[in-house]
Amino acid sequence: MASCLCRYRRRILLCLCTPCILLACLFIYVALAVCLSMTPSNTPVGAPPLPPYFIASGATNSGLLAPYPINSFWKYELSNEAHWNMIQHVIDRQHNPILRPRNGILGNYSRVDNSSADLTQQKPGCFPNYDVIWSLSDYFSLPSQIQRFVISMHCRDYPVIIDQPRVCGNASQQHQAEGLMLLLAIKSQAPNFENRQAIRKTWGRSGLVKGQVGKGGQVRRVFLLAKNQSGHDLDTVKKLKEESKKFGDIIMWDFLDAFFNLTLKDILFWDWFSKNCHNTRFVFKGDDDVFLRTPVLLDYLQKVEAEARLNGSRRGKPLEEFYVGEVITSAAPLRSKTTKYYIPDSFYKGMYPSYAGGGGVVYSGALVLRLLEVSKRVHLFPIDDVYLGMCLQRLGVIPTHHPAFLTFDFPNDEGKKPCAHHTIVLVHKRSPKEMRKLWVKTQNPSYKCRKVTLRKDPEKEIEKKET
Ligand SMILES: *[C@@H]1O[C@H](CO)[C@@H](O)[C@H](O)[C@H]1NC(C)=O
Ligand SMILES: *[C@@H]1O[C@H](CO)[C@@H](O)[C@H](O)[C@H]1NC(C)=O
Ligand SMILES: *[C@@H]1O[C@H](CO)[C@@H](O)[C@H](O)[C@H]1NC(C)=O
Ligand SMILES: *[C@@H]1O[C@H](CO)[C@@H](O)[C@H](O)[C@H]1NC(C)=O
Ligand SMILES: *[C@@H]1O[C@H](CO)[C@@H](O)[C@H](O)[C@H]1NC(C)=O
Ligand SMILES: *[C@@H]1O[C@H](CO)[C@@H](O)[C@H](O)[C@H]1NC(C)=O
């Protein structure tokens, strides 16, 4: 009886254990296979070596570091096919909030590494950097504007030749709680005197501007200029200095006023703004060939402010993310060498982030200060409105689309309808003559046009437009 029971028990044991042993073997095999496949890769090309630890921000407060991941969860090997992507990747990683938590537990960069300096601190001087030529495989076959851009894109310190430090009031006025309502910052070029005159007389008047229906607000105007290429340089500067004395609205920097240098106007303007106008609530930035209905814009901004005041009690600082215009999504770089927007494959790869057409956009003064900060860690890009999109992306700000900003003019023939211009805030392009006509027309609307409302987008997807 006893031996029988014993044999029975052994059989049960055998039955139970065999699958267990097999499972254990399988587990060991899988574990080994996984371990072997995870050999650490080498340091990425073009990037400074990563610290041996990364810190997950806010994970613990014991001061312990998480181990360095065996396989990276970001792309490790940088392809050196596109120059901008490659150099930007390096800097993006230096500022990655997970790899380098600024306000993390340790809050101490030097313990991790010391490579977190921003772009403005690297000052190799403003001499052309010919070393870059070898980073673009097809440099010598590229159009000259992109060649010039590439060898000077490290430089952003250009001195101001004509300044307007008082446009937004003197220092004591600047510190008053309620700043100006709106600063119009208009990109212009030295020869466009006619455009500037038309703007001064129409939508760019400075002083107290009444809204179409609301009370309006204080508005100021500056034109953003750079130097002209031609031999008349001194002559042009002299003329502009006179114009500046007369109208007090010219800011001029000492760099070449080329299309691919427009981004410089943005970042230098933000810097100027932070010093001279930081209390101003809104900024309009646009071209000198747009028609803007300033009174309607003021009404709109007043509504936005009222809304933000309501929202403010619920959510952090209001208006720090206010950025509105004709938003372009899913745009891709143009690859045809004949357009002025041509960006070669060897310079940039991928889609553009969402951005608002550069013909005219409006953003808050609070956002300017953030843009200035973030721009210090975004390499210059030749197309100014795309560059702004790149900065916004890094700030996590999503541009707001407004259907009454027409930076590509009216669709089809809509502009010819009698009240068409009463339905917009902004339209591009209009000649100085048209600007004057439209101003008179929209300021004194006919009975029929008085009641029209601003354009609304039907619930359709924003058209996929290329720059
Ligand atoms: C940062 O680390 C360095 C070197 O480890 C140390 O000398 C310094 O005191 C630390 N600073 C702070 C703010 O903890
Ligand atoms: C920062 O790194 C550079 C080399 O990349 C080194 O020469 C320098 O001494 C370092 N500075 C500090 C404060 O550790
Ligand atoms: C600033 O301007 C206001 C008004 O024009 C004037 O009263 C004030 O004295 C000025 N302050 C300075 C420091 O110039
Ligand atoms: C430079 O100025 C001259 C004369 O004022 C003008 O004809 C020319 O188009 C300007 N060039 C640029 C690039 O603005
Ligand atoms: C931009 O301006 C700088 C300084 O004048 C000049 O060296 C550079 O060639 C300009 N860039 C382009 C694309 O013309
Ligand atoms: C205020 O909040 C509403 C609802 O959350 C939102 O739709 C609106 O965009 C906000 N306005 C501003 C100016 O932040």
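In each ligand, atom 1 is the first atom listed, and ligand 1 is the first ligand listed.
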Working note: Asp299 + Lys303, criterion salt bridge (charged side-chain N to carboxylate O under 4.0 Å, His left out); need CA distance, chi angles, decisive distance, verdict. CA-CA 6 Å; Asp299 287 344; Lys303 216 174 76 195; over 6 Å; no
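- More than 12 non-hydrogen atoms from other residues, nucleotides or ligands lie less than 6.0 angstrom from CD1 of Ile133.
- Legend: residues meeting salt bridge (Lys or Arg N to Asp or Glu O under 4.0 Å) with Arg221, ordered by chain and number and at least two apart, are Asp249.
- Here salt bridge (charged side-chain N to carboxylate O under 4.0 Å, His left out) pairs that include residues 401-411, with residues two or more places apart or in two chains, are Asp409-Arg430.
- Residue pairs meeting the salt bridge (charged side-chain N to carboxylate O under 4.0 Å, His left out) criterion with at least one partner in residues 189-198, sequence neighbours excluded, are Arg196-Glu243.
- Ordered by chain and residue number, the residues placing a heavy atom less than 4.0 Å from ligand 5 are Gln145, Arg148, Phe149, Ser152, Tyr158, Phe255, Leu256, Ala258, Phe260, Asn261.
- Heavy-atom contacts from other residues, nucleotides or ligands closer than 6.0 Å to NZ of Lys337 number more than 12.
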